[in-house]
Structure formats: C-alpha cells, structure tokens
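Presented below is the structure to which this report refers.
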Amino acid sequence: MASARRGRGGGGGVNGVVRPRPRDGGGGSMAGRVAVLAFCVAGIWSAYIYQGVLQETLSTKRFGPEARRFEHLAFLNFAQNVVCFVWSFIMIKLWSGGSSSAGRAPLWKYWGVSVTNTIGPTMGIEALKYISYPAQVLAKSSKMIPVMLMGTLLYGVKYTFPEYLCTFLVAGGVSSFALLKTSSKTIKKLANPNAPLGYALCFLNLAFDGYTNSTQDLIKSRYPKTNPWDIMLGMNLWGTIYNAVIMFVAPLLFSNWPYANGFEAVRFCQENPEVAWDIFLFCLCGAVGQNFIFLTISRFGSLTNTTITTTRKFMSIVVSSVISGNPLSPKQWGSVVMVFSGLSIQIYLKWKKKKGREHKE
C-alpha cells in the first residue's frame, strides 16, 4: 500500500506524500485554532484507527461458510493505489485546476521511487500474517533506529545523549515485546505465526520507507512548485501500474506464480462482498486521513502532526487490545509504554530545537 508517508519531520501519512509547509503563525482567534486542531485530531485518529481495525479484520477474520481467510493481503496495496490515485486526481482538479505545471515534477520522475514505495508497504502488510497488529505498529514505530544506525556507521553523525536514550527506549521496548510470550488467543488468529519473519518484514519496510522519503525530498527540492497532491498522484499512478503487472499480468505468464494473485483476490471479494466493502473503506480511510494530515501540517506544522500521529499509534494498540481481542500482558504493556516514552522524548527534543531556532531568529 502506497503507505502513508512518514517523512523526515516524523508523523504518519500514506502514499509517499511529502509534507506541505506550515503557514506562518496560523491566524484567527485562539478558539478558532483550537477548534481546527480538534477537528484535525479527530480526523486523523478516526481515519487511521478505523483503518487499522479494518486491516486487522482482513488479515485475521475467516469469511464465508467455509471459514476461509483472505490470503491476498498485498491486494490491499493495489486497491489503495487505485483509490488514492483517483482521489489525488480529483483534489488536483478541484484545487489546482487552473495552475500551470511549470516547476512541478513530471509524472515520469516517480517511476523509480515508486518501486520501493510498492515493495515496502507490501512487506509491512504481509507481516500481519506472522505477527499481531500491535506488534506490527510497535515495530513500524522504530524508524529512528535504522536512521541513527545509518547516520553513525556511514556518515559519522554525532548524536546527543537524549537522542540515544530515545533510541534505547524504543529498541528496548520493541525487543522486549517481541521476546515476551504472545497470548494463545492472538496466535490462533494469525495465518502463519512466525515472529522473526514478521519483524524482519517490518524492518525491511522501514528501510524501503527511508529511501522513499529521501528520494521524495530530493524531487521536492528540484521541483519546488510540486505540491503534495502531485506527489500522491505520481506515486500512486506508478504503484497502480507495478501492482497491476505483479498481480494480474504475471499470473497469466507464469502458471505457478507464487506471489499474490489479483484474479483470486477479486474472485474472493465476489464470493464475500463484505471483504470488498472492507477493502473499499480501508482505502477511503487512507485517502481521507491524508486530507487531515495536509490540513494539520499547513495550519500547525509537522511537529504537531508528529504528536497527533504518535498518539494515534498508541490508541490503535489500545483499540486492538480491547475491541479486536488481542490481550496484552502487563509486561507487554510495559514494553508499549517504553516505546512511546522514547517517541515522546523525541517529540519534546524536536520541539525544544524548534523553539531554540525561533528564539535565535
């Protein structure tokens, strides 16, 4: 799934989209700004928490009289590519219909970065066959770990003690959660329980996301008039093409195609209409949620967005535990608290750095 892009400034998002720049100061009354912020929080939380519920349902529930699983989870990425391509096209026509394309990146510029943006999210969603949804959320929250490792080992970047503390808390929390025993009820819901493979897929997802983020930043710097909807359109256009070839063309060419088969996924949806409806809602949540992310960053900045999306991830774990029936032990909750303590310190450090720059200016 052309996943929500979690750019360098942090925060959640989908479909490889670079963040818009915030407006200076915001404007308007304090009550008005609080109302807009509450609207953004409600939008991001509801869209992405419900998307998580749908994702977990599609990966664990058994459908139909034969109680079959929906094995074609990668099809979700194809479906979301299509929906978000159409969505971004409509947004561009509505808000940028009369603007010139000069200074904006041409569509062919996205073909390369869309390869990693197709592979990475696919690995992330396939991980749900092997680990629980809370475990996946925690693992994908540890983006700072590969970033700091690459920065230290390859570029000799020096980090402060608080930054190392953040990484230690996140790494320790994810590691302890992975080592602690998962409840038998949760394991029974998984298609093929295999924790090492599941976590490996999540970390590969993060690695591909890191490359995607940096390449999108480069495109944005070279074509400064490119807006988030342009990037969303380009990424999902190529993502649709790649996934269509993988899921619909390859099975026709190779009789024993081992990967996701689009024809079988469509047939399963025809036999189980509730699956098709859940997939549509899953995709719509991603597209609508992106609107709220754009609004949050344009009005309040990326740091506010990071805070909202980080708390959303924590709430997704709570919802999964309470509603979806994935009970966590007290020790596992301790691991969750460790991870989000590290993320909270990271947000505070970014806020402190931002205030320091503003004070100097």
Side-chain angles (χ1 to χ4, degrees), residues 1-19 48 51-52 55 59 72-81 84-85 105 109-131 133 135-155 167 170-171 174 178 194 196-220 228 231-247 250 258-260 286 290 293 309 313:
M1 166 173 47
S3 132
R5 181 57 42 229
R6 295 154 274 273
R8 288 183 179 180
V14 295
N15 309 308
V17 179
V18 171
R19 307 302 194 204
Y48 289 115
Q51 188 185 49
Q55 186 179 29
S59 64
H72 318 284
L73 294 182
F75 184 76
L76 295 178
N77 292 326
F78 170 73
Q80 184 147 328
N81 282 146
C84 288
F85 171 74
K109 279 288 184 180
Y110 301 101
W111 75 268
V113 67
S114 295
V115 173
T116 55
N117 197 53
T118 299
I119 298 173
T122 298
M123 290 181 169
I125 201 165
E126 285 287 326
L128 288 173
K129 293 180 180 179
Y130 311 107
I131 58 176
Y133 179 72
Q136 185 221 39
V137 172
L138 278 187
K140 293 176 69 174
S141 298
S142 59
K143 181 178 291 187
M144 67 175 73
I145 298 174
V147 169
M148 290 186 69
L149 282 175
M150 296 290 283
T152 302
L153 299 177
L154 298 182
Y155 304 109
T167 305
V170 173
V174 173
N194 187 330
L197 178 57
Y199 282 105
L201 287 172
C202 286
F203 291 128
L204 285 172
N205 180 190
L206 291 179
F208 281 112
D209 273 358
Y211 173 80
T212 301
N213 286 344
S214 60
T215 305
Q216 286 173 347
D217 288 343
L218 184 61
I219 292 174
K220 178 66 176 175
I231 298 175
M232 190 174 181
L233 181 76
M235 297 294 291
N236 285 285
L237 169 64
W238 287 102
T240 299
I241 293 172
Y242 293 151
N243 276 310
V245 170
I246 293 170
M247 295 187 181
Y259 191 62
Q290 194 67 65
I293 283 177
T309 53
K313 291 175 183 178

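Nothing here was measured: the structure is a model prediction, and the numbers come from that model.
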Would you check if M235 and Q216 make a side-chain contact, meaning some heavy-atom pair closer than 4.5 Å?
yes
Y242 vs W111 side-chain heavy atoms within contact, under 4.5 Å:
yes
Of all heavy-atom pairs between V174 and A139, which one has the smallest distance, and what is that distance?
CG1-CA, 4.3 Å
What one should report as the nearest heavy-atom pair of G52 and Y133 is CA-OH, 3.3 Å
Side chain to side chain donor-acceptor pair (under 3.5 Å) with S142: which residues, sequence neighbours excluded?
none
Are the side chains of Y110 and L237 in contact, using a 4.5 Å heavy-atom criterion?
no
Is it true that a side-chain atom of Q136 and a backbone atom of I131 form a donor plus acceptor pair closer than 3.5 Å?
no
Once salt bridge (charged side-chain N to carboxylate O under 4.0 Å, His left out) is applied, do any residues pair with K109, and if so which ones, sequence neighbours excluded?
none
In Å, rounded to the nearest 0.5 Å, how long is the span from NZ of K140 to CG of N205?
4.5 Å
Would you confirm whether N117, through its side chain, and V113, through its main-chain N or O, come within 3.5 Å as a donor-acceptor pair?
no
Considering all heavy atoms, the nearest A105-I219 contact:
CB-CG2, 3.7 Å
Minimal heavy-atom distance between M247 and A74, with the atoms involved, is CE-O, 2.9 Å
If every non-hydrogen atom of Q80 is compared with every non-hydrogen atom of G286, which pair is closest and at what distance?
NE2-CA, 4.0 Å
When rounded to the nearest 0.5 angstrom, what is the spacing between CG in N81 and CG in N243?
5.0 Å
Where A127 and G198 come nearest, the two heavy atoms and their spacing
CB-O, 3.5 Å
Quick note, salt bridge (charged side-chain N to carboxylate O under 4.0 Å, His left out) partners involving residues 118-127, not counting sequence neighbours, are E126-K129
Listed partners of L204 passing side-chain contact (heavy atoms from CB on, under 4.5 Å), at least two apart
M123
Residue set satisfying ring pair (Phe, Tyr, Trp, His ring centres under 6.0 Å) with F75, at least two apart, ordered chain then number -> F78
Rounding to 0.5 Å, atoms SG (C202) and CD1 (I125) come to a distance of 11.0 Å
How many angstroms lie between atom CG of N236 and atom CD1 of I241, to the nearest 0.5 angstrom?
11.0 Å
Under the side-chain contact (heavy atoms from CB on, under 4.5 Å) test, which residues partner Y211, sequence neighbours left out?
T116, T215
